[in-house]
Amino acid sequence: MRGQINERYEYQQEIIEHLVEENDYVERDHSNFDKKFAMDPELLFQFLKDTQPEKLEELTKQFKEDTEETIINTINKFILSKKGSLLSALKHGVDFNNNQHLTLLYGKPATNFNPELSKLYSENIFSVMQEVYADKENKERIDLVIFINGFAIISFELKSNSQGQNYEDAIRQYRTTRNPKDRLFLFKAGCLVNFAMDTEEVYMTTHLANEKTFFMPFNIGKGEGVNSGAGNPQFPDKYSVSYMWEDILQKETLVELITKFIFIETKESKDPLTGKRKIKQRLIFPRYHQLDVIRKTLADLKINKTSQNYLIQHSAGSGKTNSIAWLAHRLASLHDDDNQIIFNNVIIMTDRVVVDRQLQKAIMGIEHKAGLIRVMDDKCTSGDLKLALESNTKIVVTTIQKFPYVVDLIKDDSNSSDISLKKKKFAVIIDEAHSSTAGKDMMAVTEALSSSDKFYEQDIQDQLVQEIESSGKQKNVSMFAFTATPKPTTLRLFGRLDKHGNYRAFHLYSMKQAIEEGFILDVLANYTTYQTYYEINKEIADDPELKTADAKRQIAQQIDLDDQNISQRTKIIIDHFREHVMSELGNQAKAMVIMSSRKAAVKYRQAFENYINEHHYDDMGMLVAFSGKVNSDDDNKEYTEASMNGLPEDRTAKEFNKPGYRFLLVANKYQVGFDQPKLSAMYIMKKLRGVNAVQTLSRLNRICPPYEKTPFVLDFVNDYKDIEAAFAPYYTTTLLADTVNPQLVYNLVEKIDGFYIIDPQNVEGANNILHKAKIQSRDKKNLNFYFGATEKKIKELDENTQREVLTTLKHFVRCYEFLLQVSSLKDEELQKLYNYVSYLMKYVNISRPGQGYDLTGKIKASKFTQKQTGQHISGTKRSNPVVKLPMADDVELSEAKKEKLSKIIEEINQTTGSNFDKDVAVKSMLQIRDLMMKSNNLRSSAKNNNEHDFELSYFDHIDDMLIEGLEHNKDFFTLLLNNNDIKKEVLGTFTEEIYKSLRESEVN
């Protein structure tokens, strides 16, 4: 162990000695510092003489003995100008009025083709001064200042832990004794970054503002995997912060930071009260993990080029937008050791429908170059996207939804530029990589970037091989997936195999480290759960058998929308907000209410308004957020987000930022990707699970400088242990401990073969047609014949076997698609079967036995009470990193458990703590029968068909009704609207009761 440091001065001297002896710095006396210009003029002119003697000579002819003063003042004037900065001067140089241009810093050339550029790069002069006076009175000395070509770029305040001082004392010194108006610290004109450093930790700021100065950690992070966290590792023979002078202050690193990383972010905002536009600027210096991920990724690419994929697991609060911008910018110009460009195009993809233009602004801030980047907004067509990929546009930003169109365009052999995408090399950066990257959308991406224009000129065998190859890892494509919460499929698609046989992210910045470093808040640190207690009575005479799960869902939905329940919860929420939350953040705090359905959002919005009006609150504005239209059963009116808010949907987020609005009631909207730092509380009325729970609650984790923010959660539905378990896999690192192998898919094929429903000749015939360049009307009839034959065989099976067949087929499709993404499997017969089954699933129209019975109006809940069941202040402490893939052969088909309605209600009452009144008479279920009996078509169908055929007609006629019954789960609702296959599977129902009722009524 190193001995105790007795003096901070010894620490300071060791840094200087290393810089001079190891990094070839020049140590300069503080007397050489010109505080008026924050520079060392002597070194500036030495640099100019060494690198641009002819230009200096021309300027001397013009300005004679005033040359040095003129140059310094011209540079200083540009740096201090509204559009100028020290960063801009260093990156782009300074112009003089006689068409002369002086370069003030030479960046590292992308290639070594030009020896002259390499020589100029080596001529940059790096120097260090200690005990530098920055103020006019010479009272305050800066411990260390780093210079490049005479310009002060970095300041250090050093503290020694062994003397009872640490980085906090250095921060206090910057805030209280350093004048932001001194030229050395002047924003944009002085030092690019200021470090507060002791022997264990480092913090930084790019803008001194007295007490308001915001410092961020610039630490490596200590520990690995599940042990990762804030701070720096300890070493037996050197300081924990030795990376600062061994790496960050190295010449190559500093030049890279200035030319490739640091940029000025400009944001224009409109004052919500005055309407005046304000421009706010920030000088962005990368945090350590951002610098680290870019450098490690580039180093790996130099070796592996386009052969690997990269999973970047960075927590919320990691500065992901800037990380993606830096990565895209560097990939666009990255060359290998042979001076060959590695990527022709960089494509940034996001799951969000509206592409984030922050990326474009960030990239343009790094390098403002015409034609460098193009954002494909909603107005851009698939043709525009294709042209962008074929053109010289280096960076294209789009949504994953547009890629399927690119596949079709490429196969149409219409490349306008005669450039095959297959001949180009692509870097694909995926923002928030999740489930959409595991199926059809992701296959479309890889197929689009690898397809040959002459796809249809090959024979069928070649086409099949190409389909397989184009669905997996392509030689000309590397993917870079950013996410805070990698799912098992994401880990397998993009992760790297470690020495223990687990798949893990290429780079990690954990939730734990982000919380400990103060970039995000621990949303589980103030978590209160409520339980709704109520008594349920049946209002129907019969006692039918129903599927337990569906009956519970229907009862829960009716409870959720009960007026008494809504009224009680509304009071709790508003009273809690006014008492505990409202005054936070300088009385700017806001809250999000997570609704279980769109109908709930409408009803709670009305209840909130009533309660607020009754109590004469005039400072409690609210907005709702949901998609589509909602028909209210209470007043038979139709509601939309726009109609309830009185403004267009695309203005909701911006409007919510205004001071008058306190609540945002959301139904599956703004639960992911919504960044509102003023959100201080969340009230939850919806069941949350897994990644969805993490992403939803993470809306609360944003810090809100300069305020100390404390997030509050009131949860009426979930158990705290379940929420804690949802966060556990993502608290530190996430590991995939298992994987999919081809044998599991072959097992499914054997199972499919055992049903004897698919004729191999039909598979062959269908593939011959599917691979034609143009499918004729006769071909379509033949396809209908093939698929119809299979459907007929399925319908000949008993009901349970039918269900098992459909489930097995869907497992096969899903698992085969995933397997293609992560393996080099090449089996033409398997690909043929996949093609056949994929189209078959779109053709087959066999409804699956389902929910059984609509309980609307059949139960009555009363005697509601809301009781607090727990307060949790410990926060997130638990890490459970291992996740597993669902296995392809885990197909279990148990019989649906049925119970009498009375038993179902009794079970719910038991679990919710209420007492069922068994004396209440059970009324009949004739209401639903009467509703269905109004349909003449269904009555006719029941009369003329057996029960099996009746299911088809029944399914068609009650589609709207069943969808409405599912509205308590918006995820399903949206999915079903967009996917007919899944809709058929989920919305099929047991029709026995309704069928018999209609038959009996026809007889009567």
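Values below: all heavy atoms of this structure, side chains included; hydrogens, waters and symmetry mates excluded. Numbering of residues begins at 1 and proceeds along the displayed sequence.
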* Asked: Looking at CZ of F812 and CE of M841, how far apart are the two atoms once the value is rounded to the nearest 0.5 Å?
  -> 11.5 Å
* Asked: Any idea how Y509 and H314 line up, ring-wise: parallel (<30°), tilted (30 to 60°), or perpendicular (>60°)?
  -> perpendicular
* Asked: Does the side chain of D498 pick up a donor-acceptor pair with the side chain of Y503 at under 3.5 Å?
  -> no
* May I ask you to decide whether E828 forms a salt bridge with K832, counting only side-chain N to carboxylate O separations under 4.0 Å? => no
* Six-ring centre of F519, R702 cation under 6.0 angstrom, axis tolerance 45° -> no
* Report the C-alpha separation of I515 and L521 in whole Å, then their side-chain angles, then the decisive distance to 0.1 Å, and conclude whether the side chain to side chain contact (heavy atoms under 4.5 Å, CB included) test is met. => CA-CA 6 Å; I515 291 172; L521 303 170; over 6 Å; no
* D198 side chain to E201 main-chain N or O, any donor-acceptor pair under 3.5 Å? -> yes
* How far apart are the closest heavy atoms of S323 and F482, and which atoms are they? -> CB-CE2, 4.1 Å
* Is there a side-chain contact between Y288 and I248 (heavy atoms, below 4.5 Å)? -> yes
* Flag, side chain of S510 to backbone of Q513, donor-acceptor distance under 3.5 Å -> yes
* To do: Would you indicate whether the side-chain heavy atoms of I220 and D292 approach each other to under 4.5 Å?
  => no
* Flag, side chain of H335 to backbone of S333, donor-acceptor distance under 3.5 Å -> yes
* Asked: What distance do L257 atom CG and L291 atom CG have between them, rounded to the nearest 0.5 Å?
  -> 5.5 Å
* To do: Indicate the ring-plane relationship of Y203 and Y167, choosing parallel, tilted or perpendicular according to the 30° and 60° boundaries.
  => parallel
* Asked: What's the verdict on side chain to side chain donor-acceptor pair (under 3.5 Å) for Y720 and D715, showing C-alpha distance, side-chain angles and the deciding distance?
  -> CA-CA 9 Å; Y720 180 77; D715 194 329; over 6 Å; no
* Asked: For Q831 and N835, does a side-chain donor sit closer than 3.5 Å to a side-chain acceptor?
  -> yes
* Is the shortest heavy-atom distance from the side chain of K238 to the side chain of E246 under 4.5 Å? -> yes
* Say whether, by atom type as modelled, one donor and one acceptor occur between the side chain of S240 and the main chain of P233 under 3.5 angstrom. => yes
* Asked: Looking at side-chain heavy atoms only, is the closest gap between K222 and N232 below 4.5 Å?
  -> no
* Could you go step by step and tell me if H329 and V346 meet the side chain to side chain contact (heavy atoms under 4.5 Å, CB included) rule? -> CA-CA 9 Å; H329 177 253; V346 179; over 6 Å; no
* To do: Check whether the side chains of N345 and K394 place a donor and an acceptor atom closer than 3.5 Å, and report yes or no.
  => no
* To do: List the steps, then state whether side chain to side chain contact (heavy atoms under 4.5 Å, CB included) holds for I347 with T398.
  => CA-CA 7 Å; I347 304 167; T398 184; 4.1 Å; yes
* To do: Working to the nearest 0.5 Å, report the span between CD1 of I324 and CG of L331.
  => 11.5 Å
* **Atom pair CG (N718) and CD1 (I723), whose distance is rounded to the nearest 0.5 Å** => 4.0 Å
* Answer yes or no: is there a side-chain heavy-atom contact under 4.5 Å between M479 and I430? => yes
* To do: Answer yes or no: is there a donor N or O on one side and an acceptor on the other, between the side chain of D338 and the main chain of Q340, under 3.5 Å?
  => no
* Structure fact -> Distance col, row I342:CD1 vs L334:CG, nearest 0.5 angstrom, shows 4.0 Å
* **More than 12 heavy atoms of other groups within 6.0 Å of K302 NZ** => yes
* Asked: Between F343 and A427, which heavy-atom pair has the shortest distance, and what is it?
  -> CD2-N, 3.4 Å
* N-O pairing of K721 and E724 below 4.0 Å -> no
* Could you tell me whether a side-chain N or O of N701 sits under 3.5 Å from a main-chain N or O of I520, the two making a donor and an acceptor? => no
* Is any NZ, NE, NH1 or NH2 atom of the basic residue among R330 and E256 found under 4.0 Å from an Asp or Glu carboxylate oxygen of the other? -> yes
* If you take all heavy atoms of A505 and Q313, which pair is closest and at what distance? -> CB-CB, 3.7 Å
* Asked: Closest heavy-atom contact between P711 and V523?
  -> CG-CA, 4.2 Å
* **Residue that, paired with D300, satisfies side-chain hydrogen bond (donor to acceptor under 3.5 Å, both in side chains) out of R496, K305, Q308** => R496
* Does the ring centre of F494 sit less than 6.0 Å away from the ring centre of F506? -> no
* Structure fact -> Looking only at heavy atoms, the pair that brings Q290 and N322 closest together is NE2-CB, 4.1 Å
* To do: Using modelled atom types only, decide if a donor and an acceptor are shared between the side chain of H289 and the backbone of S318 within a distance under 3.5 Å.
  => yes
* Would you call Q676 and M592 a side-chain contact if the rule is heavy atoms closer than 4.5 Å? -> no
* **Any P486 side-chain heavy atom under 4.5 Å of L311 side chain** => yes
* G221 backbone acceptor or donor facing N219 side chain under 3.5 Å -> no
* **Gap between atom CG of L833 and atom CG of D753 - 0.5 Å precision** => 7.5 Å
* To do: Show the numbers, then the answer: is there a salt bridge (Lys or Arg N to Asp or Glu O under 4.0 Å) between D431 and K320?
  => CA-CA 9 Å; D431 178 11; K320 183 183 61 176; 2.7 Å; yes
* **Full working for side chain to side chain contact (heavy atoms under 4.5 Å, CB included) between K751 and E804** => CA-CA 10 Å; K751 192 166 186 177; E804 186 176 359; 3.4 Å; yes
* Is V713 close to L700 at the side-chain level, that is, under 4.5 Å between some pair of heavy atoms? -> yes
* Taking all atoms of both residues into account, what is the closest heavy-atom pair of F480 and S478, and its distance? -> CE1-O, 3.6 Å
* D247/R295 salt bridge by N-O under 4.0 Å criterion -> yes
* To do: Would you tell me whether Q671 and T696 have side-chain atoms, one donor and one acceptor, within less than 3.5 Å of each other?
  => yes
* **Short side-chain to backbone donor-acceptor contact, T253 and L249, under 3.5 Å** => no
